[in-house]
Amino acid sequence: MRLSGLALRHFRNLHSQEVELPPEGVALIGDNAQGKSNFLEAIYYLETLRSFRGARDEQMVAFGEDVFRVVGSTKADESDELDGGEVAAAFQRKGKRKKVSIDGSEPDRMSDALGRLSAVIFSPSDIELVSGGPSERRRFLDIVLSLNEPGYVSALQDYKKILLRRNASLKAGDSGSLVAAWDGGLIRSGAEVMRARQAWVTSRSGAFGDYYRRVSDGAGARMVYKPSVPTGEDASVEGIEAAFRDALMDSCERERRMGVTVVGPHRDDVRLQLDGEEDDGLDLRDFGSGGQRRTAALALRLVEAMTIRDKRSQRPLMLMDDVFAELDGGRSERVLELLEADDVGQVVLTAPKESDVKIRREALPRWRIEAGRIAT
Ligand code: ATP
Ligand code: MG
């Protein structure tokens, strides 16, 4: 899939403008604070209906305005003949109302509109996926799986809802049987979440290591699912449910004392480790250099793109916000090679300086941005 056109209205500092995007993509060059990241944020909004930077919707409405609107026109990959589609999203500050339409009609549920653009975003803050705490990696898993695994969103939403109620009950000091009334639902939805996470991490760990090795030119790495509930060998839903039930039983006293549910997928982690002598591997979080962490973060995004290719049979649009800035020459060069080898589709990348654009050399058209205005 590719984005053939984008129409913006009152999105951050981007004013109102329409651009047509070339099939191969574009490099957007501009000084700091001119709107480069805002432009990628607008595009990626059409994939997840939220800011990749974690901003609230109202923060993205241009100062002094009430409504922002982003409309993307899509085309089938490399084909101008096939009919394209349209994804549109708008948000009104005053009424706190979000409106989404796919090919002109509003979906029944907001979640039906997720994942319609097929895009992956690489950004400087991705380093947090490696350096940050477990919640960063859980959020990454949740986004990837919500967008690509049917049924994941509803299992996750159920789990979160039931967990809240169960915690409220624990906090209120309710009797054991009152708390346990939530267990069936918690275990069912939680096991589904864990099974999907386990399957994804296990099946993609090899690809993660491969990307890591190719960018770092040698040294390997791996990703390992570390569920808070020891699931053991049996990775079936039934096996995980049984393990979760046991873990809840074992932690009964501790959760009473603490007033919260202490085991479950809300406490999961994914370990990112350097391959090495140690049996257990060295955690990149604790032992990785800046460049190694950045490489691991990049590898995670590449695996995300691969997931989209596999699940949706579409090459995702690669949105790269200033990615080469912190990589050494060799690594940047190998990322570039890898992107070409993988036959990526459209790329939209940003950089403050022309010389930072090391991808596809001269092939990628250059656009400039100044004070939110794009010159194509
Ligand atoms: P850098 O190279 O530093 O990353 P950038 O080009 O990516 O810069 P952006 O983050 O896209 O910069 O844009 C930042 C600018 O957008 C800031 O000047 C900020 O004041 C402005 N801005 C942010 N939100 C809004 C908004 N809601 N309305 C108008 N302007 C906004
Ligand atoms: Mg930026």
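This is a predicted model, so every value here is computed, not measured. When a ligand or atom number is given, it counts from 1 through the structure's own listing order.
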Give the residue, atom name and distance (to 0.1 Å) of the protein heavy atom nearest [atom].
atom                    : answer
atom 25 (C) of ligand 1 : Phe63 CZ, 3.4 Å
atom 15 (C) of ligand 1 : Ala33 O, 3.8 Å
atom 3 (O) of ligand 1  : Asn32 ND2, 3.2 Å

ask   = Any N or O on Phe39 sitting closer than 3.5 Å to an N or O of ligand 1?
value =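 N/O-N/O distance below 3.5 Å does not exist for this pair.
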ask   = Got an N/O contact under 3.5 Å between Met60 and ligand 1?
value =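 No: no nitrogen or oxygen of Met60 is under 3.5 Å from one in ligand 1.
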ask   = Under 4.0 Å between a Lys/Arg side-chain N and an Asp/Glu carboxylate O for Asp286 and Arg271?
value =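 Arg271 and Asp286: not salt-bridged.
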Suppose I only count heavy atoms of [X] and a 4.0 Å limit; which atoms of ligand 1 are within that range?
X     : result
Ser37 : 4 (O), 5 (P), 7 (O), 10 (O), 11 (O)
Arg53 : 10 (O)
Asp31 : 6 (O)
Asn38 : 9 (P), 10 (O), 11 (O), 13 (O), 14 (C), 15 (C), 16 (O)

Region of Ile369 that comes within reach of ligand 1 [heavy atoms, distance under 4.0 Å] =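 Neither part.
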request  = Please work out whether any backbone atom (N, CA, C, O) or any side-chain heavy atom from C-beta onward of Gln59 is under 4.0 Å from ligand 1, and answer side chain, backbone, both or neither.
outcome  =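 Backbone only.
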Heavy-atom check, side chain of [X] versus side chain of [Y], under 4.5 Å:
X      : Y      : value
Leu156 : Arg197 : yes
Arg166 : Glu255 : yes
Val61  : Phe91  : yes

query = Can you name the closest pair of heavy atoms from Arg368 and Glu354 and give their distance?
reply =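 Looking at all heavy atoms of both residues, the shortest contact is NH2-OE1, 2.6 Å.
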inquiry  = Please confirm whether Gly30 approaches ligand 1 to less than 4.0 Å, judged on its heavy atoms.
reply    =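 No; Gly30 lies far enough from ligand 1 that no heavy-atom distance drops under 4.0 Å.
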Within-shell test, Pro352 vs ligand 1, heavy atom, strictly < 4.0 Å =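 Pro352: no contact with ligand 1 (<4.0 Å).
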query = Parallel, tilted or perpendicular: which fits the ring planes of Phe68 and Tyr45, with parallel below 30° and perpendicular above 60°?
reply =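 Taking Tyr45 first and then Phe68, their aromatic rings stand perpendicular (interplane angle over 60°).
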Quiz: residues 237-253 side-chain donor-acceptor pairs under 3.5 angstrom, not counting sequence neighbours:
from, atom 1, to, atom 2, distance (Å)
Ser251, OG, Ala247, O, 2.9
Ser251, OG, Leu248, O, 3.2

ask   = Any protein heavy atom sitting closer than 4.0 Å to atom 19 (C) of ligand 1?
value =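 For atom 19 (C) of ligand 1 the answer is no, since every protein heavy atom stays at 4.0 Å or beyond.
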inquiry  = Quick check on Met258: does its CE atom have over 12 non-hydrogen neighbours (other residues, nucleotides or ligands) under 6.0 Å away?
reply    =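 No.
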Tell me which donor-acceptor pairs under 3.5 Å the side chains of residues 114-126 have, and how far apart each pair is, sequence neighbours excluded?
from, atom 1, to, atom 2, distance (Å)
Arg116, NE, Asp112, O, 3.3
Arg116, NH2, Asp112, O, 3.1
Ser118, OG, Arg312, NH1, 2.8
Ser118, OG, Gln314, OE1, 2.7
Ser123, OG, Ser125, N, 3.3
Ser123, OG, Ser125, OG, 3.0
Asp126, OD1, Arg301, NE, 3.4
Asp126, OD1, Arg301, NH2, 2.9
Asp126, OD2, Ser123, N, 2.9
Asp126, OD2, Arg301, NE, 3.0

request  = Confirm or rule out an N/O/S atom of Asn38, from backbone or side chain, lying less than 2.8 Å from the Mg ion (ligand 2).
outcome  =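 Not a single backbone or side-chain N, O or S atom of Asn38 is under 2.8 Å from the Mg ion (ligand 2).
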task = Start with the C-alpha gap between Arg195 and Glu149, add the side-chain angles, then the distance that decides, and say whether salt bridge (Lys or Arg N to Asp or Glu O under 4.0 Å) holds.
result = CA-CA 11 Å; Arg195 193 202 51 77; Glu149 211 52 63; 5.6 Å; no
